[in-house]
Amino acid sequence: RASTVTVFAAASLTDAMTAIAQSFAAATGDRLRLSFAASSTLARQIAAGAPADLYISANRRWMSWLAWRTLLAPDSRHDLLTNDLVLIAPLDSPLGSFDMTAKTDLAGLLGDRDYIAVGDPDHVPAGIYAKQALESLGQWKTIEPHLARADNVRAALALVERGEASLGIVYKTDAAIARDIKVLASFPRDSHSPIAYPVALIRGHETPASIQCLTWLLGDEAGAIFSRYGFERPATDPKRGDRKK
Amino acid sequence: MIALTPAESEALLLSLRISAVAVVCALPFAILTAMLLAQTRFAGGILLDALVHLPLILPPVAMGYLLLVVFGVHGPLGAWLLKTLNIRLVFSWTGAALASAIVSFPFQVRAIRLALEQIDLKLYHAAATLGAGPLGRLFSLTLPLALPGIIAGAITAFVASLGEFGAIITFVSNVPGETRTLPLAIYTAIQTPGGELAAARLAALSIALGLAGLLSAEFVMRRIRQRARA
Amino acid sequence: MIALTPAESEALLLSLRISAVAVVCALPFAILTAMLLAQTRFAGGILLDALVHLPLILPPVAMGYLLLVVFGVHGPLGAWLLKTLNIRLVFSWTGAALASAIVSFPFQVRAIRLALEQIDLKLYHAAATLGAGPLGRLFSLTLPLALPGIIAGAITAFVASLGEFGAIITFVSNVPGETRTLPLAIYTAIQTPGGELAAARLAALSIALGLAGLLSAEFVMRRIRQRARA
Amino acid sequence: MSLAVDIRHRVDRLVLDAAFDIRAPGITALFGPSGSGKTTIINAIAGLLRPDRGRIAINGRTVFDRDRRIDLAPSKRRVGYVFQDARLFPHLTVKANLFYGHKRNHNSPLSPSACAGIIEMLGIGALLSHRPNLLSGGEKQRVALGRTLLANPEILLFDEPLSALDRARKNEIMLYLEGLRDARRLPILYVTHAIDEVARLADRMVVIEAGRTLAGGSVFDMLGRTDLKPLAGQFDTGTVLLAEVAGHHPEGQVSFLECAGQRLVAPHLDKNSGSPVRLHIRARDVMIARDTPTNISANNILTVKVADIVENKSGVLDVTLALGDATRDKGRAIHALITAYSATRLGLAIGQNVYAIIKSVTVDGYPTGLVC
Amino acid sequence: MSLAVDIRHRVDRLVLDAAFDIRAPGITALFGPSGSGKTTIINAIAGLLRPDRGRIAINGRTVFDRDRRIDLAPSKRRVGYVFQDARLFPHLTVKANLFYGHKRNHNSPLSPSACAGIIEMLGIGALLSHRPNLLSGGEKQRVALGRTLLANPEILLFDEPLSALDRARKNEIMLYLEGLRDARRLPILYVTHAIDEVARLADRMVVIEAGRTLAGGSVFDMLGRTDLKPLAGQFDTGTVLLAEVAGHHPEGQVSFLECAGQRLVAPHLDKNSGSPVRLHIRARDVMIARDTPTNISANNILTVKVADIVENKSGVLDVTLALGDATRDKGRAIHALITAYSATRLGLAIGQNVYAIIKSVTVDGYPTGLVC
Ligand SMILES: Nc1ncnc2c1ncn2[C@@H]1O[C@H](COP(=O)(O)OP(=O)(O)OP(=O)(O)O)[C@@H](O)[C@H]1O
Ligand SMILES: Nc1ncnc2c1ncn2[C@@H]1O[C@H](COP(=O)(O)OP(=O)(O)OP(=O)(O)O)[C@@H](O)[C@H]1O
Ligand SMILES: [Mg+2]
Ligand SMILES: [Mg+2]
């Protein structure tokens, strides 16, 4: 008898998870019920008793926030995916691609009245990573006044697509599919803490179906779908315990 | 237009249901509140007024969060509802309707109050001497005379419900078939790279639904006005 | 209450400025639109009505995106504004005011229209025989008699502007000191783990501002009504 | 069958201090200049205004008593109020307006035929499906009147109910009100500026000036009083007399009446012999002769005695003419308004026995009221 | 100085077909039962209603002509309209209401002293700072009247402007309107149900019945016509005569008038010898004698000839009495209303020479109007 597993997933996973749900249903006969919203929103809903079985966050903060409230099933938390941060510009930008180092004068690439679109560094995961990267590259102080803080990565991307912002910092996955933009440079992986999409079972929801779903998500079949959308698995083998956090 | 996808028609019907239920259920309360507010003598008036407008003053996300805190299964009202009536609002379309109702409540109250305040008190005097008590006056004068305001309020609330996003997604999340209304579907589509076309289709659906609501309200209003002039 | 942090007072003043400018600038257009709509003869009425309500029907995010497309530097209107007047709306508080004005426009129009439709046409007849032309009647009758509706509409719009989030953040993004209004600040706080207290403080500020608006509107309304009864 | 009012109220410039007590059924005219407080008094009786002090009792029921904290809701007072403005319900048809009170009267609803009669009398049968706001001024007033009459109240308060009506319609409605007064024995309070209506309909009269009840009493007395100076010019001085039908002309042309031992001829009255009627004789219509006039069209030649001569206004005298024996028929007098010029010419003096000449067509015999 | 109306209009039950042409200044009474279309006609003249067909010209200016597609805006027609309902602006003070039109009249604004005079005449000086909705019915009507008069229009349209006023105030206002008629030479269209007002004020009269102009002409003729059957009961039959002041009593008690070769005595008129006055003599006030009466208070004993006898209503006859020579004074006749009973008693017949006896106090001499 088919069962339904409810997955709360960060909004940036919308297309990937929708594809995953189809394959999962085909493979197991079970259905995935998906809810996409900001990671923070989902976390708060879970804390308020929303009946989610699995939670996939776009960053570690909100996963940890739930963990501290002992709302996660013990030992069920894994880093599911990773991503990269890239610098983008509108297609008609005069800038060409380059290598990002500590010497790059990002502010110099911007005009006086120009903006660089990012997720809000106060709460949007991509923005938080961007801030770390800019800090470690020593650019934060000069760039900060030029930040256009969007409330999610897609909104930041839209600002660049529309030519409002002459630069933008987004995930590689978003940049890969977007039109009207070009990737100027990737941020060095060590310029920010590793980008991770952690997944976990919600405490009290450790049903066979949801455990099966978690396992499936960590498996190769799912990995192939994720990579189709530009996501990568974290560096270490998911089968080994050290991806556990 | 190309036929609707199942997801689209699901979102459309859900939006319609949630908005309609929200408006209809809130209406009696809106009328009551407007009547209380229209009586200037009522001392707590300004507090009630502020309470009614709260969903407008606060950003929808904050409103949704507040609802989550109050009506979540661990919240004071939510726990009580779950225990005594076994009603769980979070994550269900009824919760979305509640959020819509609360967020669009001020529109209803404002319009009805405005209409109530325009009613000539002398008509009440005439009705009273003809033997109509407070309840009789309510049904024979107040409600029919405030009807344009009631309709205007209801339609604004309906239309606003159709567009309500922040409070719903924060309160009841974004579950297809249960709480994914048109605006949430639009949001979801926008989150998908290349989802602009899907979003535009959904927006067109929204507009069509809103237009249908506006049109029917206009139609009813014209009939009322014509009748009053005949 | 503990003193406001600089960021808080910045957001507060910005919200106040944006909402006030949005309401005041939109008011003449709202009155004009309401007058057009109140004349049932006007054929394109229903289309204009739909257009006015669009910001309510569409989710704010979609509205913000639409604004971006139209008023962005590559948008038809945005390009023109930039070229001829050197005005750039995106990322500036004027853009936020525009978004607020458009999103709260339907509230103003609805209320004013309702008030206009309640005015007794016979008074216009009296005014006309006393030599008042269309413009004279507008200023001596229409506007003063619709004043309760105008105030009600303006205050609803003001309060709604205070809470406007989705369209602003999408259109002009969240730039501290320029476009980070109270709702955006609240949103940021809520999205931050442990930001509840900061969010609550900001929400209290919002509510205080909204309450001040409601109170002053109530005060003006009572004076009008008293005068009319004296 | 009674209405007792004793109220004090202050609002803005108006200081109301009104007291009157009506102990019999019938019509009481409330008379006074514009702005004197008539509507305010009626509002207090209906319960639409709470007076600062005093009490009001309708048919023995105390509906308001400040000291005993009684203040019955207007809807419970069972008053019928025809407002000075028609005050129709704009959203209801004429028919729904008319039956608004009728439908809410569960104690003593009028019969359908009585309702139909009222609607026919008011000539508004063709308007039933219309909305009020396009009606003509007189049509509105008639619908308002009908709405109140159909509710079949226990007391009627009329604030200038006939001001917008033409005389033919007015006559018809007054006939109906007379019937109501006689048949239903309702107390009726009636505000009007038309002395015709007062003289014809009213049994009693209360005169208001600047918020105060200046005088009150039977119309028979009040219309003859010349001391009500503030009312000068307000109404025709005249007399209302009680008479009895003595017989009719065989061809029905005129009726013969008996009053204070004198025979009077009036236009035909549709009343049996022996019925009481009231006669309104205006002072302006009474001629005085010292010789018996002969071959004159006037049918009424009364032998009277000059009881008093008062200057009414410059050049015009008000002559009081006693009918019959001054002791037996105390107060039975008529008034004549003549110029000082003719009084001098006639050598008129108090105590003289003279003839009062009155044309039949100027004698208004009510309630049948032919010429008015 | 003129008003030409010729319009056809159909709305609901009302089929309007009105035509009249007033070529001289003065007051024209619009007379007709409730619902006959009086207000509708006035609305058309003011431009508040667009007739289906026809034309309207005010003082020679064509303000409406369907065929020539002329339709002047109401605000440009310079009409002064006193509405049947007061229609005051609720948000303005009485003062602002009063000066609403005055302030907008840039061509010929009234002088401040004239404005003050009107306000004093209307007795509304104490109300200036008030808002309209608490005014009494009569106060509202006076403010509405003042508002129109202060605007100093070129034509006045009055829709029952005095219906809610007491007689003293009415007299005062009518005096003012008479002055206006004589001094300003305005055309005035005046709707009323009160025949007193018509007889006193109007020069011409237009009778409307069910939307059609039934008759129109000088008041002198119209008030004497007995053929206007639909108006039976609408107004007192009577006569308005043009007379001339011949002299005054030395003590000022009465005035002597000359009319059709006969001498008349009327209450004192404040007019120089030789001035024309109009006399309203009601048929009900005229007595007929076959012998010369002696020693009678009535001052007017006219020698007349019975020209016609018509049954007015059951038992009452309308007797036409020709004054003077029938050929020279064509149409100079008065009417007497007497009972058939007395006609029989007197043996009255057409062609007889008889005496018409009229009390001075019943002769209303206008425009000074003492007794009315
Ligand atoms: N609520 C009020 N506040 C202030 N003044 C009032 C109020 N009600 C009545 N008045 C004033 O009191 C006076 C009496 O008013 P009321 O309506 O009783 O007069 P009325 O005798 O009915 O006059 P009319 O014959 O003109 O209708 C008026 O001058 C009116 O302006
Ligand atoms: N716009 C309209 N639609 C329908 N019927 C109308 C309209 N205007 C007037 N009538 C009707 O036409 C008739 C004449 O109306 P009008 O107001 O001219 O009468 P009136 O002579 O002024 O009567 P009153 O003396 O009662 O004021 C009435 O029966 C009225 O109901
Ligand atoms: Mg009154
Ligand atoms: Mg009329």
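Quick note on labels: first sequence line is chain A, next is B, and so on, each numbered from 1.
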Pair count under 4.5 Å, heavy atoms only, with chain B: among C/L202, C/L54, C/I207, highest is C/I207
Residue from C/S206, C/P59, C/A115 scoring the most non-hydrogen pairs under 4.5 Å with chain B is C/P59
Output, in order, the C-alpha distance, side-chain angles, deciding distance and verdict of side chain to side chain contact (heavy atoms under 4.5 Å, CB included) for C/D49 and C/H53. CA-CA 6 Å; C/D49 204 28; C/H53 281 85; 3.4 Å; yes
Contacting region of [X] [heavy-atom separation from chain C under 4.5 Å]:
{"X": "B/I155", "answer": "side chain"}
{"X": "B/F107", "answer": "side chain"}
{"X": "B/I186", "answer": "side chain"}

Output the option from [options] having the highest count of non-hydrogen pairs under 4.5 Å with chain C.
{"options": "B/F165, B/Y65, B/F158", "result": "B/Y65"}
{"options": "B/S19, B/A152, B/S104", "result": "B/A152"}
{"options": "B/I57, B/L162, B/L184", "result": "B/I57"}

Below 4.5 Å from any heavy atom of chain B, which atoms of [X] appear? Answer side chain, backbone, both or neither.
{"X": "C/L58", "value": "both"}
{"X": "C/L182", "value": "neither"}
{"X": "C/L214", "value": "both"}
{"X": "C/M63", "value": "neither"}
{"X": "C/V159", "value": "both"}
{"X": "C/E196", "value": "side chain"}
{"X": "C/A203", "value": "both"}

Check whether any side-chain heavy atom of [X] lies under 4.5 Å from a side-chain heavy atom of [Y], and answer yes or no.
{"X": "B/P183", "Y": "B/S15", "answer": "yes"}
{"X": "C/I31", "Y": "C/T142", "answer": "no"}
{"X": "C/L205", "Y": "C/L4", "answer": "yes"}

Output, in order, the C-alpha distance, side-chain angles, deciding distance and verdict of side chain to side chain contact (heavy atoms under 4.5 Å, CB included) for B/L114 and C/Q118. CA-CA 10 Å; B/L114 200 59; C/Q118 305 265 349; over 6 Å; no
Can you list the steps and then say if B/E164 with B/T181 is a side chain to side chain contact (heavy atoms under 4.5 Å, CB included)? CA-CA 9 Å; B/E164 181 46 39; B/T181 58; over 6 Å; no
Just verifying a value: how many Å separate [X] [atom1] and [Y] [atom2], rounded to the nearest 0.5 Å?
{"X": "C/I112", "Y": "C/I151", "atom1": "CD1", "atom2": "CD1", "result": "10.5 Å"}
{"X": "C/R110", "Y": "C/R113", "atom1": "CZ", "atom2": "CZ", "result": "5.5 Å"}
{"X": "B/N174", "Y": "B/Y187", "atom1": "CG", "atom2": "OH", "result": "7.5 Å"}

From CA spacing to verdict: side chain to side chain contact (heavy atoms under 4.5 Å, CB included), C/F171, C/T179: CA-CA 10 Å; C/F171 180 36; C/T179 65; over 6 Å; no
